[in-house]
J.: 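Quick one: structure below, then a few questions.
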2 protein chains.
Amino acid sequence: MVTSKDVAALAGVSQSTVSYVMSGSRSISPETRARVEEAMRELGYHPNASARALAGRRTHVLGLVVHVTARTELAGVLPFIETITAAARERDYDVVLVTADEGRAGLERLARRGIVDAFLVMDVTRRDERVETLAALGLPTVLMGRPDDPRGLHWVDVDGGRAGELAVEELVAAGSETLVVIGEPIGAPSGEHRFIADFEVGAGRAAERADVAAEVVRPPEPGWPGVLAIRDRLVRGGGVRGGIVARTPRVAERVLHLLIEAGFDPARDIGLVAMCEDDVAQRLRVPVTNVSADSRQHARRAVDALFAQLRGGAEPADPQLVTPTLTRRATTSARRVRRPARG
Amino acid sequence: MVTSKDVAALAGVSQSTVSYVMSGSRSISPETRARVEEAMRELGYHPNASARALAGRRTHVLGLVVHVTARTELAGVLPFIETITAAARERDYDVVLVTADEGRAGLERLARRGIVDAFLVMDVTRRDERVETLAALGLPTVLMGRPDDPRGLHWVDVDGGRAGELAVEELVAAGSETLVVIGEPIGAPSGEHRFIADFEVGAGRAAERADVAAEVVRPPEPGWPGVLAIRDRLVRGGGVRGGIVARTPRVAERVLHLLIEAGFDPARDIGLVAMCEDDVAQRLRVPVTNVSADSRQHARRAVDALFAQLRGGAEPADPQLVTPTLTRRATTSARRVRRPARG
DNA sequence: GTGAAAGCGCTAACAT
DNA sequence: ATGTTAGCGCTTTCAC
C-alpha cells in the first residue's frame, strides 16, 4: 500500500507537507506542491480513509437516508441522489445510501461508530420517528421534508401552500368556476406529509379568495372510475366551467387519458394543472400546465445547508422553504377569457 | 466519546481484553467476558469504525453496486438489498450502496481509499465494463449476473437455459403445439444479459426436442398491439393450440389483460408461463404458472460466496448457477391432455 | 486466560 | 513556507 510517507519520501518533503497539500489548509510553495503532486501521481497514491478519519475526526462520508419501500418510485428519487452525490464529491465527501430497513438502530450505529459524519434524510413526514433519533445523535443533519416538530434540526421543503395557490390561481385565471383537487389515491400516504397538507390548504385558500367552489378527493386504486364522476360533475349544468388540480404525475396522466377518451379537449373544455416535474408535464399526451420545484435545486439547497453545518454551526436561519413555480402549457392556455392572466 | 480504554478501565481489564471479547478470537473466561460486556452496556460503548479499520486492515464495510437508472424497477431490487444487508449485518458488516453514477472511477476510489473491503455487484451484463475494473482492484468480489469473461471473479446467476426449458416443457405438456416467447420490449436491454440469451436458447432447445414450433418476439412499447397479432396467429387454423412464454412480469400482465379482453380464457384456450417472482404470479388476475428463482436465496448465495472469499481465498469452485423452479398455476393446468405432466 | 506495547496511516498542534 | 511530533482508538504480536 502506498502511504503519504512514501509520497513524502519521493517528493523530498515531510509527511505533514503532503497532508497540507491535500487539505489546502496552509500555504505551500508552488514548487513544493508540484513535486508532491507529481509524486502522488507517480506512486498512484490514494489517502487511506480510515487513517484520515481517525486522525482528523471526520469521516468524509455522509449518510443519505432513503426510505425505500416497494411503493417507492425510484425515478423521482434519482435526481436527488445524483445531485447530492455530485455535490458531496465536489467537497471530497462520499455518500453512503442508508436504506431504512434498519430503522433508528441503523442510524445510531452509523453515527456512534463514526461511519458517517452527517445525515441527509429524504422524504421526512410530519411525525417522523427518525427526527427524534437524529436530534439525539447531534450530528449535522438536514431533513428533506418538514416535520411538525423539527427538534432544532435543519429542514428543507417545497412550499406546499404556495404550490396549491399557484395551481388554483392559474385555473381561476383560465376561467374555471368549480374545482376539484385530486390527491393521493386511497391507501397511499397522504396526511403524513406536510407538503401535501399545505398544498390542500393553499388550494382552498386561493379558491376562497377567488370565490370558486373547490373540493379535494382521493381516487380509489386501481380501477379508478371515480374520475368519470368527477368529470361529469364538472361539466354538468352547462356553462359552469370546471378545473382539475392533479397532485401527482400519475393522477395527471390518468385524468388526461380519461378526459381524452371521453371526448374532451383538455386544453379547452376542462382546465388541468398538475403538480409534477417539468419534464413529465412536457411529455404527457398533451403538455400539461404544471407546478414544480426543481428537484436538483432542492437537493443542492439541502447539501449546501449540510455543509454549512459541517463547516461550523450555521443555524437554520436561512430560508428553508423552496418556492415552486408554475409553467403554463396547453391545458390552461386555451380558455383564458374572464380574468387577466395574473388574476 | 467512549473508547475501549474506558471500557477496560471500568471492567478492570486491559484494552486488549476488551478487543478480544469483541472479536472472539481468543478464549476469555466467562466472568471476564461478563464484566466487559456489562461495562460496554453501562457506558453505551460503540467501537470506532475508523480505528478498527486502520488497526485491523478491514473496514467491515462492503460495497453493494447497484446500477440505478431511470428504468430500474426498484421493486425487483429491493429483496436483494434487504437480504444482502441483513446477511452482512449478521457478520458485523455494514453495506454501502454504490450507485453507478461515478462508474469505474467510483469503484476505484472506494477500494483504494479503503472504504470498502469487498464488492457485490448487481445486474452484471455479458460485457460489463466494471468487471475489468473490479478484477484489477483485487478485492473480494461477487458478480450477480454472468459476464462472458468473468476474469476470474466469482459470479452467481440464475440458470437461464434451464428456465427456458422449464417454461416450454410445461406448455408442451399442457398441450401447446406452437409457441411464442415474448421477450423484452424493443428498446429495453436484451442481448446484454447472459440470463436472457440462455433463456431463449433453452426455450428453443426444449421446443425442438418436443418438435413444436417456437418463435421469439419483442413487443414494441408502449401501445403494444403486437400481442393481438400473436394471439391471432396462435389460435388461427383451428385445432392448433398455442402457448405463450412471458419473459417478464410486465409482459405477463399485459398478455393476460389482452387475452381476457379478447374473450379468451387463459386457463383453457392458450397456455401461459411467465418468468417472474412467485408472489407476482400469484397476484395477477389469473394465477399464472411461473418459473422463478427465489431472489432472497439468490442474494444469500452471493453474500455467502463473498464472505467465503473474505475469510480467505475460497476459489469459485462452488456451483455458481442457481436452478430455477416452475410452479404450476391456473394458466397451464386446465388443458393437460395429450402428454403426461412430466413429459 | 490476560497484559503491555508497538503500530495502522493519517492530522494538527507546536515548532522554526 | 516547512518540519517534528504526539496522538486518533483500535488490533495484534509478544510475553507471562
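Only heavy atoms go into these numbers, but all of them, side chains included; no hydrogens, no water, no symmetry mates. Protein chains get the first letters and strands the later ones, always in sequence-line order, with residue 1 at the start of each.
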J.: From C-beta outward on B:Y45, which listed nucleotide comes closest to its side chain: C:dC10, D:dG3, D:dC10?
T.: D:dC10

J.: Could you tell me the separation between the CE atom of A:M1 and the P atom of C:dG7, rounded to a whole number of Å?
T.: 18 Å

J.: B:K5 NZ to D:dT11 P: how many Å, rounded?
T.: 15 Å

J.: B:R57 has a side chain; which of C:dT2, C:dG9, D:dT11 sits nearest to it?
T.: C:dG9

J.: Does the B:T141 side chain pair with the main chain of B:L139, one donor and one acceptor, at a distance under 3.5 Å?
T.: yes

J.: Give one of base, sugar-phosphate or nothing for B:S19, where a contact means two heavy atoms less than 4.0 Å apart.
T.: base

J.: Given D:dC10, C:dG3, D:dG3, identify the nucleotide with an atom nearest to the side chain of A:S16.
T.: D:dG3

J.: A:T59 and A:D117: side-chain donor and acceptor closer than 3.5 Å?
T.: yes

J.: In whole angstroms, how far is the C1' atom of D:dG9 from the CE atom of B:M40?
T.: 13 Å

J.: With no hydrogens and no angle check, just 3.5 Å: does a side-chain donor-acceptor pair link B:S19 and B:S16?
T.: no

J.: So, is A:T17 near the phosphate of D:dG3, with a side-chain N or O under 4.0 Å from OP1 or OP2?
T.: yes

J.: I'd like to know if A:R26 reaches the base of D:dG3 with its side chain such that a donor and an acceptor end up less than 3.5 angstrom apart.
T.: yes

J.: Looking at A:S27, I'd like to know whether one of its side-chain N or O atoms comes within less than 4.0 Å of OP1 or OP2 on D:dA1.
T.: yes

J.: From the options C:dT2, D:dG3, D:dT2, select the nucleotide whose nearest atom is closest to the side chain of B:I28.
T.: C:dT2

J.: If I take atom OG from residue B:S50 and atom CZ from residue A:R52, how far apart are they, to the nearest 0.5 angstrom?
T.: 11.0 Å

J.: Below 4.0 angstrom from OP1 or OP2 of D:dG9, is there any side-chain N or O of B:T3?
T.: no

J.: What integer distance in Å separates B:D92:CG from D:dT11:P?
T.: 10 Å

J.: Could you check B:Q15 against A:A51 and say which one's nearest nucleotide on DNA chain C is further toward the 5' end?
T.: B:Q15

J.: When you measure from the side chain of B:T83 to the backbone of B:P79, do you find a donor-acceptor pair of N or O atoms at a distance under 3.5 Å?
T.: yes

J.: Examine C:dC8: is either OP1 or OP2 under 4.0 Å from a nitrogen or oxygen in the side chain of A:S50? Give yes or no.
T.: no

J.: Between D:dT4 and A:Y20, is there an OP1 or OP2 to side-chain N/O distance shorter than 4.0 Å?
T.: no

J.: Nearest-Å distance, CG (A:D6) to P (C:dC10)?
T.: 9 Å

J.: What is the distance from CG of B:D117 to P of C:dC8, rounded to the nearest Å?
T.: 19 Å

J.: Closest to the B:A55 side chain: C:dA12, C:dC10, C:dG7?
T.: C:dG7

J.: Answer with base, sugar-phosphate or nothing: what part of the nucleic acid does B:T32 contact at a heavy-atom distance below 4.0 Å?
T.: sugar-phosphate

J.: Name the closest nucleotide to the B:M22 side chain, picking from D:dG3, C:dG9, D:dT11.
T.: D:dT11

J.: Which is true for A:V18 with a 4.0 Å heavy-atom rule: it touches a base, it touches only sugar-phosphate, or it touches nothing?
T.: nothing

J.: To the nearest angstrom, how far is B:I115 atom CD1 from C:dG9 atom P?
T.: 16 Å

J.: Would you kindly say whether B:E277 and B:S292 are connected by a side-chain donor-acceptor distance under 3.5 Å?
T.: no

J.: Please determine whether a side-chain nitrogen or oxygen atom of A:S4 lies at a distance below 4.0 Å from atom OP1 or OP2 of C:dC10.
T.: yes

J.: Starting from C1' on D:dT11, measure out to CG on B:N48 and report it in whole angstrom.
T.: 13 Å

